[in-house]
Student: 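Got a structure for you, written out below as structure tokens; questions coming shortly.
Atoms within a ligand are numbered from 1 in the order they appear, just like the ligands themselves. Note that the structure is a prediction, hence the values are computed from the model and not measured.
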Amino acid sequence: MVKKSIPYGKQYIDEEDIQAVIDVLQSDYLTTGPNIAEFEKKFAYYVGAKYAVAISNGTAALHASCHVAGISDGDEVITTPMTFAASSNAIVYCGGKPVFADIDEKTYNINPKEIRKKITSKTKAIIPVHYTGQPCKMDEIHQIAKEYNLIVIEDAAHALGAEYKGKKIGSISHMTTFSFHPVKHITTGEGGMVTTNDESIYKELLLFRSHGITRDVDMLNNKDEGAWYYEQLKLGYNYRMTDFQCALGISQLKKLDNFIFKRKKIINMYNEAFKNIKGITIPYQEEELDSSWHLYVIQIDNKILNKDRKEIFNILRNAGIGVNVHYIPVYYFPYYKQLGYEKGLCPKAEALYERIITLPLFPSMSYSDVEYVIDIIRNLISDKESL
Ligand SMILES: *Cc1c(COP(=O)(O)O)cnc(C)c1O
């Protein structure tokens with residue numbers, strides 16, 4: 001038998017996607033052409049936001065959002081430790097201080113009660129992360145933001161297509177960021193997006209993405225120069241996406257709902273297989289919320305299963321199953337330690353980290369591969385029962 005090799009996540013690219021990229025490569029504009037605005041328009045429409053700004057990747061989208069939120073030296077921004085380092089790094093890029101609030105034990109998302117405990121006179125913003133695609137408690141978070149006059153930037157790298165009480169993620173906060181890395185819901189290789197409903201935020205994002213330079217006559221100081229004229233108003237970056245990336249994004253966006261549908265089918269198979277197994281906790285889903293299922297994360301109880309997480313992880317990897325752990329609490333990393341963060345800060349996130357394993361989940365995963373993963377895990381359990 002050929003050895004299995006199932007990744008934990010993978011892009012889905014078809015002929016239509018490939019053709020869309022080729023068409024741009026044969027056209028006049030590889031960058032700053034018409035595909036960027038088209039991708040932004042279609043993306044904004046999909047999530048129900050007024051504006052969308054394409055940015056070179058999800059991390060740059062977070063950086064742009066923190067900058068436009070006005071985060072600067074000494075400002076505190078509250079976020080979760082159960083995330084990819086980028087959510088927190090973006091705060092540091094701007095001179096801000098990440099303040100980690102603990103998670104809810106059931107959803108693994110940032111807990112609004114814990115956010116409240118972390119607010120000080122220096123708090124400027126909150127960055128909730130919709131872990132695995134399940135939306136955070138946004139009503140509670142917006143309430144806190146209103147009381148303390150804070151900006152809310154949602155990190156929705158996992159949550160494209162997810163819904164909070166009937167509204168698509170991307171339509172409800174000051175800014176929401178997305179990523180198009182190949183393991184995410186749709187891909188452009190590298191790519192990202194910020195959505196907003198606020199015109200002034202939108203304009204600031206455009207400036208930040210392209211050196212702080214504008215040709216918009218309304219924004220120029222000197223309005224009497226010729227057609228060549230532009231001004232750099234602020235310090236920005238080159239955080240643009242290319243036209244061929246955006247063409248791929250436009251093509252991928254058409255398939256997004258099908259991708260999510262397929263993810264949900266796989267989730268149902270996993271949930272059915274594991275829901276009655278003692279020692280495994282399947283993901284908890286809140287009513288009124290619709291997760292877009294970026295990741296399928298189970299908790300392993302090593303006392304019941306008689307094997308620790310590392311052993312189980314290795315057995316699954318040796319069986320060709322690309323399991324992973326999402327996430328190591330951000331402040332565990334040496335870089336953050338050196339900034340002064342210590343273990344013990346968020347006990348619930350730390351306890352969760354000891355127990356989680358991410359199983360493979362992606363739209364092109366075959367049902368027989370899903371069955372294979374389920375069988376291997378079931379065997380682990382019966383192993384234990386025969387002891
Ligand atoms: C992937 C991811 C990012 C970063 O996105 P990139 O496009 O890889 O820069 C940020 N936050 C979270 C939660 C992510 O999963």
Student: Measure from atom 8 (O) of ligand 1 to every heavy atom in A156, A157, S179 and give the option owning the shortest one.
Tutor: S179

Student: Please state which protein non-hydrogen atom is closest to atom 10 (C) of ligand 1 and give its distance, to 0.1 Å?
Tutor: D155 OD2, 3.6 Å

Student: Considering non-hydrogen atoms of the protein only, which is the closest contact for atom 1 (C) of ligand 1, and what is the distance?
Tutor: K184 NZ, 1.5 Å

Student: In terms of hydrophobic clusters joined by side-chain contacts under 4.5 Å, are Y12 and L253 together?
Tutor: yes

Student: So is there a nitrogen or oxygen of T59 less than 3.5 Å from a nitrogen or oxygen in ligand 1?
Tutor: yes

Student: Are K348 and D104 ion-paired here, with the side-chain N under 4.0 Å from a carboxylate O?
Tutor: no

Student: Answer side chain, backbone, both or neither: which part of N57 comes under 4.0 Å from ligand 1, heavy atoms only.
Tutor: both

Student: List every atom of ligand 1 that sits less than 4.0 Å from any heavy atom of Y327, numbering the atoms from 1 in the order shown and giving each element.
Tutor: 15 (O)

Student: Taking distance alone, with N or O pairs closer than 3.5 Å, would you say H294 contacts ligand 1?
Tutor: no

Student: As a test of understanding, state which of T187, D17, D14 forms a side-chain hydrogen bond (donor to acceptor under 3.5 Å, both in side chains) with Q252.
Tutor: D17

Student: Considering the heavy atoms of G58, write down every atom of ligand 1 situated less than 4.0 Å from one of them.
Tutor: 5 (O), 6 (P), 7 (O), 9 (O)

Student: Using a strict cut-off of 4.0 Å, indicate which atoms of ligand 1 neighbour a heavy atom of T83.
Tutor: 13 (C)

Student: Out of curiosity, D308 CG to K303 NZ, how far, rounded to the nearest 0.5 Å?
Tutor: 11.5 Å

Student: Checking contacts here: is it the side chain or the backbone of F178 that comes within 4.0 Å of ligand 1, counting heavy atoms only? Could be both or neither.
Tutor: neither

Student: Can a salt bridge be assigned to the pair K254 and E16 using a cut-off of 4.0 Å between side-chain N and carboxylate O?
Tutor: yes

Student: Any non-hydrogen side-chain atom of Q245 less than 4.5 Å from a side-chain atom of V21?
Tutor: no

Student: Got a second to check how far H130's NE2 is from Y164's OH, nearest 0.5 Å?
Tutor: 10.0 Å

